[in-house]
Structures are given as C-alpha cells and as structure tokens.
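Written below as structure tokens is the structure these notes are about.
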Amino acid sequence: MKAYVYSKNQTRAIDIEEDKDLAKEEFEFFDDQTVRKVWHIEEEEWYFAIFDIVAVLTDSNDPKQYIKKMRTRDKELDSKWGTICTPLPMIAHDGKMRRIQASNAEGLFRIIQSIPSPKAEPLKVWLAKVGAERLDEYADPEKAIDRAVATYQAKGYSDKWISQRLRAIEIRKELTDEWKNSGIEDSKDFAILTNLLTAAWSGKSVKAYKKLKGLHKENLRDNMTNTELALNLLAEVSTTEISRTRKPKGMDESKEVVLSGGKIAGNARKELEEELGRSVISSSNATDPEALDDTTSPDTDKNENV
C-alpha cells in the first residue's frame with residue numbers, strides 16, 4: 001500500500017508494507033488503496049485526501065461537486081472548512097505532485113457526519129459509541145481509569161507498570177495545571193516545555209527519544225520502562241514543586257523552572273547509571289510490554305547502552 005511522508009514542505013513516497021510502524025489505527029477505517037494519504041512528520045498525524053474519502057464513501061461520479069453541495073447543506077462544516085482542511089503535496093490524478101485538500105482523522109470524522117451514505121454508517125455508529133463512553137467518563141471519572149487499566153492489561157502491560165503509569169498521569173496533570181497557572185495556554189508551548197524537561201532529565205529530546213524506541217505517533221510514556229517512568233515522574237514532581245515556590249510568569253520563567261526540575265532527575269539518572277554501569281534509557285517499546293517491566297529483573301538486555 002502506497003502512502004507519503006510530508007516534512008518541511010516536501011513529500012516522499014513510502015510503502016506501508018515496508019514501514020509497518022507507520023500504520024496507525026486510522027487505517028482500520030481508511031485502508032482503501034485509492035485513498036491518498038500523507039504522514040505529517042512534524043504534527044505526527046496521518047492526513048487523507050478528502051476527495052478520495054468522499055469518493056469511497058459515496059460512490060459519487062463527481063466528488064468535487066458532492067463536497068460543494070455538502071458544504072452548502074452543512075453551514076457549520078462550511079464555516080470550519082479552513083481549519084479542517086490542510087493543502088498538502090500529493091500525487092494528483094494527472095501524475096504530478098500538487099497540493100491536495102487533506103484532513104487528519106479528527107477532521108474526517110466531522111466530514112463523515114455530513115455524508116448520508118450507508119458506507120458511512122459504521123463510522124457514525126462507532127463515533128456515537130465513543131462519544132457516549134466519554135460522556136459517561138465525564139460524569140464518573142473512575143470509569144475512565146477503569147477503561148485505561150483494561151486497555152493497558154489487554155496490551156500485555158504488567159500490573160506494576162500500569163500502577164506506575166496511572167500515577168504518572170496524575171502527576172502530569174498537576175504539572176500542566178501549574179503551567180496553566182503560569183499563563184501557559186498554547187498547546188505548542190506545552191510541547192516545548194515537555195521537550196525541554198525530557199531533554200533535561202534524559203539527555204534526549206522527545207524526537208530523539210522516540211527515534212531510539214522506534215516510535216512515531218505513539219505516546220512516549222506508554223513506551224517507557226518502570227525506571228524511565230520513575231525518572232520522568234521525578235522530573236515532573238520536582239518541576240511542579242519548584243514552580244509552586246517560584247511562581248513563574250510566562251514561558252521564559254517557566255523554562256527556567258523546567259530546567260531546574262529536569263536537572264534534579266537528570267542527576268539522579270546519572271548517579272543510577274554510574275552505580276549500575278549501564279544506561280537506563282532503553283530502546284524497549286510497547287511491542288514487548290514485558291520488556292518495559294524492569295523492576296523484577298536486573299537483565300541488562302532490556303536496556304541498551306546509548
């Protein structure tokens with residue numbers, strides 16, 4: 001199956017069969033060979049050609065006109081079209097590389113809601129089910145925790161790892177709340193601070209860390225060992241407590257706090273590595289959940305030196 005990778009205004013072809021780690025959950029629904037798709041490296045998202053999705057779900061002889069009429073029917077969709085659609089370079093039907101209107105899975109789900117086609121019904125049913133689950137979890141947050149535990153267990157994670165991961169989620173929430181108190185609101189700023197903190201304690205940027213573990217869109221923390229989670233947790237706890245004491249305002253002051261908190265965990269990592277005689281930054285990922293549970297065995301094969 002052919003797809004494309006987009007980065008820095010350039011698109012290159014890839015073969016999904018040869019690069020299976022790029023095959024995301026979106027392909028459960030959008031795996032038709034005729035659907036053009038691009039993996040956006042910077043945003044870590046699949047983008048799909050809207051024209052192709054409409055053609056597949058409607059069997060329309062003129063998808064372009066169908067999209068035009070759909071936007072006319074759905075005024076709300078039309079008003080948000082500019083944010084839903086992103087022109088990305090793809091191979092056009094004339095064989096040339098052209099900018100094609102594309103959208104990620106979230107945007108496509110919104111478009112699909114406006115398509116009265118039997119082929120779109122399974123997706124609509126799935127969306128309704130997910131929406132109902134989220135409303136239930138909002139009313140009873142414990143259900144969200146139960147769902148997370150069940151999901152991790154189904155993937156083969158150990159109970160010890162799951163317990164630590166859930167604790168890490170709680171600590172992460174406290175840190176992001178503290179950042180909000182400091183005036184940080186933009187998601188990009190959250191990503192910048194997270195990257196800075198990760199590099200401060202692990203010695204690697206989020207991008208480099210993911211590359212070590214062979215990750216793309218996957219959550220980095222879901223692919224950390226118990227030891228890595230503990231060090232990341234120490235970095236976030238330290239940063240949160242320092243922030244509460246210093247009360248930083250804005251990005252510049254928050255960055256200074258992040259570096260201070262990350263340094264504490266970074267020093268702990270270095271001391272631990274010196275004692276063990278090896279790196280605790282592991283290339284293991286969730287394809288082998290047992291390898292992430294490094295609390296019961298000193299087996300160094302689970303952690304490669306870097």
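Given the structure is predicted, the values throughout are model-derived calculations rather than measurements. In what follows, every heavy atom counts, from backbone to side chain, and hydrogens, waters and symmetry copies are set aside.
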Problem set entry | Contact check, side chains of I53 and I111, non-hydrogen atoms, under 4.5 Å | no
Exercise. Under the side chain to side chain contact (heavy atoms under 4.5 Å, CB included) criterion, do E174 and V237 qualify, and how do the steps go?
Worked result: CA-CA 8 Å; E174 292 181 8; V237 167; over 6 Å; no
For this session: Give a yes or no on whether the backbone of D52 and the side-chain of R36 come within a donor-acceptor separation of less than 3.5 Å.
Result: no
Problem set entry | Test item: E253 side-chain N/O and G250 main-chain N/O as donor-acceptor pair under 3.5 Å | no
Exercise. Salt bridge between R244 and E241, side-chain N to carboxylate O under 4.0 Å?
Worked result: yes
For this session: Using the rule that two of Ile, Leu, Val, Met, Phe, Trp, Tyr join whenever any of their side-chain heavy atoms come within less than 4.5 Å, decide whether L272 and L234 are in one cluster.
Result: no
For this session: Grab the two heavy atoms, one from Y157 and one from D222, that are nearest each other, plus how far apart they are.
Result: OH-O, 2.7 Å
Exercise. Is the backbone of E290 close enough, under 3.5 Å, to the side chain of W161 for a donor and an acceptor to pair up by distance?
Worked result: no
Exercise. When you look at CG of D288, are more than 12 heavy atoms from neighbouring residues, nucleotides or ligands closer to it than 6.0 Å?
Worked result: yes
Exercise. Is there a donor-acceptor pair closer than 3.5 Å between any side-chain N or O of R269 and the backbone N or O of V280?
Worked result: no
For this session: Using modelled atom types only, decide if a donor and an acceptor are shared between the side chain of Q101 and the backbone of C85 within a distance under 3.5 Å.
Result: no
Exercise. Would you find a donor on one side and an acceptor on the other, under 3.5 Å apart, between the side chain of S238 and the backbone of A235?
Worked result: no
For this session: Provide the closest heavy-atom pair for P289 versus K155 in the form atom of the first, atom of the second, distance.
Result: CG-O, 3.0 Å
For this session: Indicate if L231 and L166 have the same hydrophobic cluster label, given that clusters are the connected sets of ILVMFWY residues with side-chain heavy-atom separations under 4.5 angstrom.
Result: yes
Exercise. Which atom names give the shortest non-hydrogen contact between G107 and N104, and what distance separates them?
Worked result: N-OD1, 2.9 Å
For this session: With rounding to the nearest 0.5 Å, note down the distance linking NZ in K188 to CD1 in I192.
Result: 9.0 Å
Problem set entry | Face-on cation placement of R221 at Y209 ring, 6.0 Å and 45° thresholds | no
Problem set entry | Worked verdict on R246 versus S182 for side-chain hydrogen bond (donor to acceptor under 3.5 Å, both in side chains) | CA-CA 10 Å; R246 295 187 186 178; S182 301; over 6 Å; no
Exercise. I84, F109: one ILVMFWY side-chain cluster at the under-4.5 Å cut-off?
Worked result: yes
Exercise. Run the side chain to side chain contact (heavy atoms under 4.5 Å, CB included) check on Y47 and I100 step by step: do they pass?
Worked result: CA-CA 10 Å; Y47 277 79; I100 306 296; over 6 Å; no
For this session: For atom CD of E185, decide whether the heavy atoms of other residues, nucleotides or ligands shown that lie under 6.0 angstrom number more than 12.
Result: no
For this session: Measure from the side-chain N and O atoms of S79 to the backbone N and O of E76, and report whether any donor-acceptor pair falls under 3.5 Å.
Result: yes
Exercise. Quick one: does M97's side chain get under 4.5 Å of I91's, heavy atoms only?
Worked result: yes
Problem set entry | Distance, nearest 0.5 Å, that separates OG of S103 from CH2 of W81 | 8.0 Å
Exercise. About how many Å separate CG of D189 and NZ of K180, when rounded to the nearest 0.5 Å?
Worked result: 13.0 Å
Problem set entry | Full working for side chain to side chain contact (heavy atoms under 4.5 Å, CB included) between T287 and E218 | CA-CA 11 Å; T287 57; E218 301 94 331; over 6 Å; no
Exercise. In terms of hydrophobic clusters joined by side-chain contacts under 4.5 Å, are I242 and L196 together?
Worked result: no
Exercise. Between V257 and W179, does a side chain to side chain contact (heavy atoms under 4.5 Å, CB included) hold up when you go through it step by step?
Worked result: CA-CA 10 Å; V257 170; W179 282 344; over 6 Å; no
Problem set entry | Within-4.5 Å side-chain heavy-atom neighbours: M224 and L220 | yes
Problem set entry | Modelled atom types, side-chain donor and acceptor of S60 and T58, under 3.5 Å | no
Exercise. Would the number of heavy atoms belonging to other residues, nucleotides or ligands and lying under 6.0 Å from CG of D252 be above 12?
Worked result: no
Exercise. Any donor and acceptor pair, going by atom type alone, linking the side chain of N223 with main-chain N or O of A286 inside 3.5 Å?
Worked result: yes
For this session: Would you check if the side chain of T198 reaches a backbone N or O of V206 as a donor-acceptor pair within less than 3.5 Å?
Result: no
Problem set entry | K213 atom NZ, neighbour heavy-atom count above 12 within 6.0 Å | yes
Seminar exercise, completed: When rounded to the nearest 0.5 Å, the distance separating CG of L77 from OG1 of T72 is 10.5 Å
Seminar exercise, completed: Closest non-hydrogen contact found for A92 with R98 is CB-CD, 3.7 Å
Seminar exercise, completed: Heavy-atom nearest pair, L88 first then A102, reads CD1-CB, 4.4 Å
Seminar exercise, completed: When every non-hydrogen atom of R73 is compared with those of P116, the smallest separation belongs to NH2-CD, 3.8 Å
Seminar exercise, completed: The reported gap from OG in S282 to CG in L292 (rounded to nearest 0.5 angstrom) is 7.0 Å
For this session: Verify the distance criterion only: is there a donor paired with an acceptor across the side chains of E178 and S243 at less than 3.5 Å?
Result: yes
For this session: Spell out, yes or no, whether F48 and M70 are grouped together once hydrophobic residues are joined by side-chain heavy atoms under 4.5 Å, including indirect joins.
Result: yes
Problem set entry | Ion pair D74/R110, N-O distance below 4.0 Å | yes
Exercise. Does the distance from a Lys or Arg side-chain N to an Asp or Glu carboxylate O, for E273 and K270, drop under 4.0 Å?
Worked result: no
Exercise. How long is the gap from CG on L197 to OG1 on T239, to the nearest 0.5 Å?
Worked result: 4.5 Å
